[in-house]
Amino acid sequence: MIHLLKEIFQVEEISPQADFFKDLGGHSLLAAVFVSRLREEFHVNNASLKDIYAHKKVDAIICIWESKNKTKENAAYAFKNQIVYHLNSNWRYYSCWIIQSFCLLVIYGLFAVTMFSPFLIYYYVQVETETHINASLAAFLSFFIIPPVVNFFNTFLKWLIIGKYKEGDYPLWGSYYIRWWFIRTIQRLNPVELLSGTPLYNFYLKSYGMKVSSDAQISQVMVGAEDLVEIGDNVSISSYVVFDNAIVESGLLKLRKIKIGNHVALGTNTVIGSDVVMEDWSELKDLSYLPPHSKVGYKEVWSGSPAVKVAMTDASMMVVPNAVPKLKWYAYILMYSIMMITFPIQFLAPLIPAIYVFNELDNAAPDYNFEYLVIAPVVATVYLLLYVVFSSFLIRILQWNLQEGKYSIFSFTYVRKWLSDQIFTLCLGVLHPIFASIYISAFYRLLGAKVGQRSEISTASNVTHCMLEIGDEAFIADAVALGESDVRNSIMTLQKTKIGNTSFVGNSALIPQGYSVTDNTLIGVLSIPPSEKQLLENPKSDWFGSPAIALPNRQDSGTYDQKLLYHPDLSKRIARGIIEFIRIILPQSVIFAGTTLFVAYAHDLVFKEPIINTITQLPLYYLFFIGIPALLVSILFKWLVIGKYAKENLPMWSLKVWRSEAVTTTYEAMATPFLLDYLRRHTLAAIYLEILWSESRQRKFI
C-alpha cells in the first residue's frame, strides 16, 4: 500500500501515520485510483472508498483491510475467485452473431414502422386527397394507433418465442440467451415511460408475466425477467428502479427471482439484486443498492450502496389506504387512456409546418431531386422553437397554481402533475441537444422554475419546475434526479427543492424533494446530500456517496480567470451561443433530411410493392437513409471537431469544452437512439468498440 501511495502522490517517503487527506493532500479522484489499483493489480479485493474516508490514516486503513481478510466479510470475494468460467464454443458465438444480426433487421424494421409510418401516411394521403388537413389527421391517427399495435405485437412475440422466463443458468450466446436478448431489445420499442405512474403500467407489466398487484404505485422500472418478479399490495416504487434479476456472469446468463412484499417502498434510482426478498412494510431508500441474496425483514429500512439496515419503519407510515370503488378505478383507467392523445399532439403539432414545407418543396421539385434539403437547418430551427413554446405552454398550464402538500393519486392535482411529467420526459428526448447548453436556463424559466444567473443545467429528470429554485452560478450535471415527488400509500407529496449559489450536483446524483442544498456545496457523482444530523456534526461543503460521506479535500482543478468560469465577457457568450446553436440544429437537420429521403424512396415500396418486399426491404431502407448516416455523421463530426481526445482540465467557458459537448450531444441525439441503442448485449457491440478504440474486444459481453 505504501509503495503504491508513493507512486500515486509522487513522493519518496510516506509515514504509516500520515493522513490520506490532510498530510498527503488526497481527494476523491486519487482515493478512487488508489482503491481501483489495489483491487486490480494487488488483488486487495476488500479495499473500499468508504474505509479511506472513515479511517483516513494509512496505518488505520491497513489494519481495517487486514482484519477484513480474516473475517467472513471477505468470503464473497473468496467465493468469486473460485468461480469457474463457462467456456462457449466459437460455433455458438458466431451462430449467435448471425442470428442476432438477422433479428436486428426485424427490430429496425419495427422501429421504422413505429417512428416513420406517420410520415409515409401523411405523404400518401396528401397525394391521394390533395389536402394537408386530411393528411395531418391521418398522420395524427397513426401516431396514436401504431405504438399500441406494436406493443401488442411485441407482447405476442414474447409469449411465442420464449414463453414464461424460467429461473436458471443459460450459456452465453446460446439459444435461450438469443431469445431473451431479442425480447429485451424489442421491448425498447415500447414507449412505456409514458404509462408510468398509472394503472396502465401495471397492466403492461402483467402482460409480460410480472406478478404485480393492481394497486401498486409504480413510476418506472427496468426488469431483467418479468415472470420472476413478484410485487405485492400497495407497493410504492419511484423512478428508475432496477430489478437486476438477469445478469451475465462467468459465461452464463443467470435468471433469478425477486419478491417484494406488501406495503413496501422503493426509493428513486434503487437497484434490487437477484434472489432478494423484501418483507411487508420494509423500505429501501433513494439511490441504494440491495445486493443479491439479501433479505430485508419485516418493517426494516435499508439504505446505502451496498444497503444495510438503518432503522425500522415509522408507525406513521404504516397506513393502509382505503379501497377504491371499482367504478372509480376503471374511470381513471379510461381517463389515462384518453389522455394518451396528448403525446401525439405534443409531438405532431410543432412538426406539421415542417412536414408541410418539405412536402410542398418536394411536389414542386423534379422527381428525386432533393436540392431543397439545404433548408433543413432553417426548418429544424423553426420546429425546435415551436416544440419549446408548445411544450412550455402545456406544462405551465398543467402546473398552474400547483402547491406544496399531500394529494390523493385519485385527484385532478395528481393527474395534471403526472401529465406534465410525461410531457417533460418527451422533451428530454426530442430537445436533448438543448440541455447542457447556454439556452437551457431560459427553457427552465419558461417551464416555471426559478433559475439564477450563469447556472448550468444538464439532463435533470423528475423535476417539478414550479417548485424548483436554482441559485446563481450553480451546476446540475447529467441524469440528476432533482426533487421527484413522493408517492406512498396512494398519496402524492409535493415539496419545494432548492439548489444554492455556486453549488455543484454531480452526474446521476439525487436531490430529494424538500431539500435545500446550501451555497457552495458539492454533491458528488452517484451521491445523495447529507442529512441534517450529518451537517451539524460535520459542517463540510463537499459530500460523496450513498450514504453521504464528507470529503476532506476537493480536487484542485487549477487556477483560472473568473471570465473563464462564471463571468464570461460578451464575446465568449456570443461564441458559445453560436457553437451550441449549431450543435442543437445539426441532429434535427440530419434526421429531417434522412426522413425525407426515406419517405420518398420507401413510399413506392410500402404502397405499391408486394407485402413480402416491404417486410424484407424496409429495414434496409431505414438503415441506409437514417440509421447508418446518423452514426457516420456523428463519427465524422467527432473527428472534424475534436480529433483525438487528450487528458486535460479545461474551464467551462473555453472553445474545446463547447466542441466536446457538441460531439457528445450529436452522438447521443443521433447515433444512440437511431442505431446503437439496439446493439446492447449484441456481439456487434464488441466489434463496434474495437473499431472505435482499435483494441481487441472479441468475445466480450457489453
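- Proximity of Phe412 to Tyr407: side-chain heavy atoms (C-beta onward) are nowhere separated by under 4.5 Å.
- Looking at Asp169 and Arg256, a side-chain N of the basic residue comes within less than 4.0 Å of a carboxylate O on the acidic one, giving a salt bridge.
- A centroid separation of less than 6.0 Å is found between the aromatic rings of Tyr208 and Tyr204.
- Distance check: Ser294 OG to Ile272 CD1 gives 9.0 Å after rounding to the nearest 0.5 Å.
- Judged by the 6.0 Å distance and 45° axis criteria, Lys450 is not positioned over the aromatic ring of Tyr444.
- In summary, of the residues considered (Lys295, Met278, Glu230), a side chain to side chain contact (heavy atoms under 4.5 Å, CB included) with Lys259 occurs for Glu230 alone.
- Separation of atoms CE (Met317) and OG1 (Thr313) is listed at 8.5 Å; rounding is to 0.5 Å.
- Considering every non-hydrogen atom in both Gly209 and Asp227, the closest pair reads CA-OD1, 3.2 Å.
- Across Pro547 and Ile528, no two heavy atoms sit closer than the pair CA-CD1, 4.2 Å.
- With a 4.5 Å cut-off on side-chain heavy atoms, Met467 and Thr497 do not count as touching.
- Checked by atom type and distance alone, the side chain of Trp159 pairs as donor or acceptor with a backbone atom of Ser207 at under 3.5 Å.
- Ionic pairing of Asp275 and Lys257 is not present here: no N-O contact between side-chain nitrogen and carboxylate oxygen is shorter than 4.0 angstrom.
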Starting from the C-alpha separation in whole Å, work towards a yes-or-no answer on side chain to side chain contact (heavy atoms under 4.5 Å, CB included) for Ile218 and Val212. CA-CA 10 Å; Ile218 305 176; Val212 53; 3.7 Å; yes

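- Taking the six-membered ring for Trp and the full ring otherwise, the centers of Trp180 and Tyr170 sit at least 6.0 Å from each other.
- Val320 is not listed as a side-chain neighbour of Asn489, based on a closest heavy-atom distance of 4.5 Å or more.
- Residues Glu279 and Trp281 bring no donor and acceptor atom of their side chains to less than 3.5 Å of each other.
- Of the N and O atoms on the side chains of Asn234 and Gln217, at least one donor lies less than 3.5 Å from an acceptor on the other residue.
- When atom types are taken as modelled, the side chain of Ser219 and the backbone of Ser238 share no donor-acceptor pair closer than 3.5 angstrom.
- For Gln534 (side chain) and Ser531 (main-chain N/O), a donor-acceptor pair under 3.5 Å exists by modelled atom type.
- Using modelled atom types and a 3.5 Å distance limit, the side chains of Asp286 and Asn269 yield no donor-acceptor pair.
- Residues Thr185 and Arg680 have side chains not in contact (no heavy-atom distance under 4.5 Å, counting atoms from C-beta outward).
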Check the pair Asp233, Ser213 against side-chain hydrogen bond (donor to acceptor under 3.5 Å, both in side chains), reporting the backbone distance first and the verdict last. CA-CA 5 Å; Asp233 299 333; Ser213 175; 2.9 Å; yes

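- Side-chain atoms of Asn501 never come within 3.5 Å of backbone atoms of Gly471 as a donor-acceptor pair (strictly under, hydrogens ignored).
- If you check the side chains of Gln187 and Glu226, you find a donor sitting under 3.5 Å from an acceptor.
- The aromatic rings of Phe21 and Tyr53 sit parallel to each other, their planes meeting at less than 30°, with 60° as the upper class boundary.
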The test is side chain to side chain contact (heavy atoms under 4.5 Å, CB included); show your working for Leu189 and Asn154 and say whether it passes. CA-CA 9 Å; Leu189 299 175; Asn154 293 345; 4.1 Å; yes

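- Atom CD1 in Ile476 sits 10.5 Å away from atom CD in Glu456 (nearest 0.5 Å).
- There is a side-chain donor-acceptor pair under 3.5 Å between Lys206 and Ser214.
- Remark: side-chain polar atoms of Asn151 are not paired, donor with acceptor, to backbone N or O of Asn190 under 3.5 angstrom.
- The environment of Met312 atom CE is dense: over 12 non-hydrogen atoms of other residues, nucleotides or ligands sit within 6.0 angstrom.
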Candidate pair Phe203 and Thr198, rule side chain to side chain contact (heavy atoms under 4.5 Å, CB included), full reasoning: CA-CA 9 Å; Phe203 287 126; Thr198 75; over 6 Å; no

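- For the pair Arg179/Ile183, no side-chain contact is recorded, criterion being any heavy-atom separation below 4.5 Å from C-beta on.
- Side-chain atoms of Arg681 and Phe701, non-hydrogen and from C-beta on, do get closer than 4.5 Å to each other.
- Of all heavy-atom pairs between Leu398 and Arg416, the closest is O-NH1, 2.8 Å.
- With a 4.5 Å cut-off on side-chain heavy atoms, Leu5 and Phe20 count as touching.
- One distance of note links CD1 of Ile423 with CG of Leu194; it measures 10.0 Å at 0.5 Å rounding.
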In sequence, state the C-alpha distance, the side-chain angles, and the governing distance for His27 and Leu551, and then conclude on side chain to side chain contact (heavy atoms under 4.5 Å, CB included). CA-CA 7 Å; His27 49 73; Leu551 295 178; over 6 Å; no

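- For the 3.5 Å distance criterion, the side chains of Ser420 and Gln399 qualify, holding a donor opposite an acceptor.
- Ring pair Phe424/His465: centre-to-centre distance below 6.0 Å.
- To the nearest 0.5 Å, atoms CG (Leu482) and CD1 (Ile470) are separated by 6.0 Å.
- Ion pairing of Glu283 with Arg488 is present here, as a side-chain N (NZ or NE/NH1/NH2) and a carboxylate O approach within less than 4.0 Å.
- In this structure, Trp65 and Leu38 have side chains that are in contact, with non-hydrogen atoms separated by less than 4.5 Å.
- Nearest heavy atoms, Ile61 versus Met1: CG2-CE, 3.9 Å.
- A distance of 8.0 Å separates OG of Ser305 from CG of Leu526, quoted to the nearest 0.5 Å.
- A donor-acceptor contact closer than 3.5 angstrom is absent between the side chains of Ser274 and Lys254.
- Of the N and O atoms on the side chains of Gln220 and Ser239, not one donor lies less than 3.5 Å from an acceptor on the other residue.
- Looking only at distances, no side-chain donor or acceptor of Ser288 sits under 3.5 Å from a matching main-chain atom of Ser303.
- Between Ala474 and Ile499, the shortest heavy-atom contact is CB-CG2, 4.3 Å.
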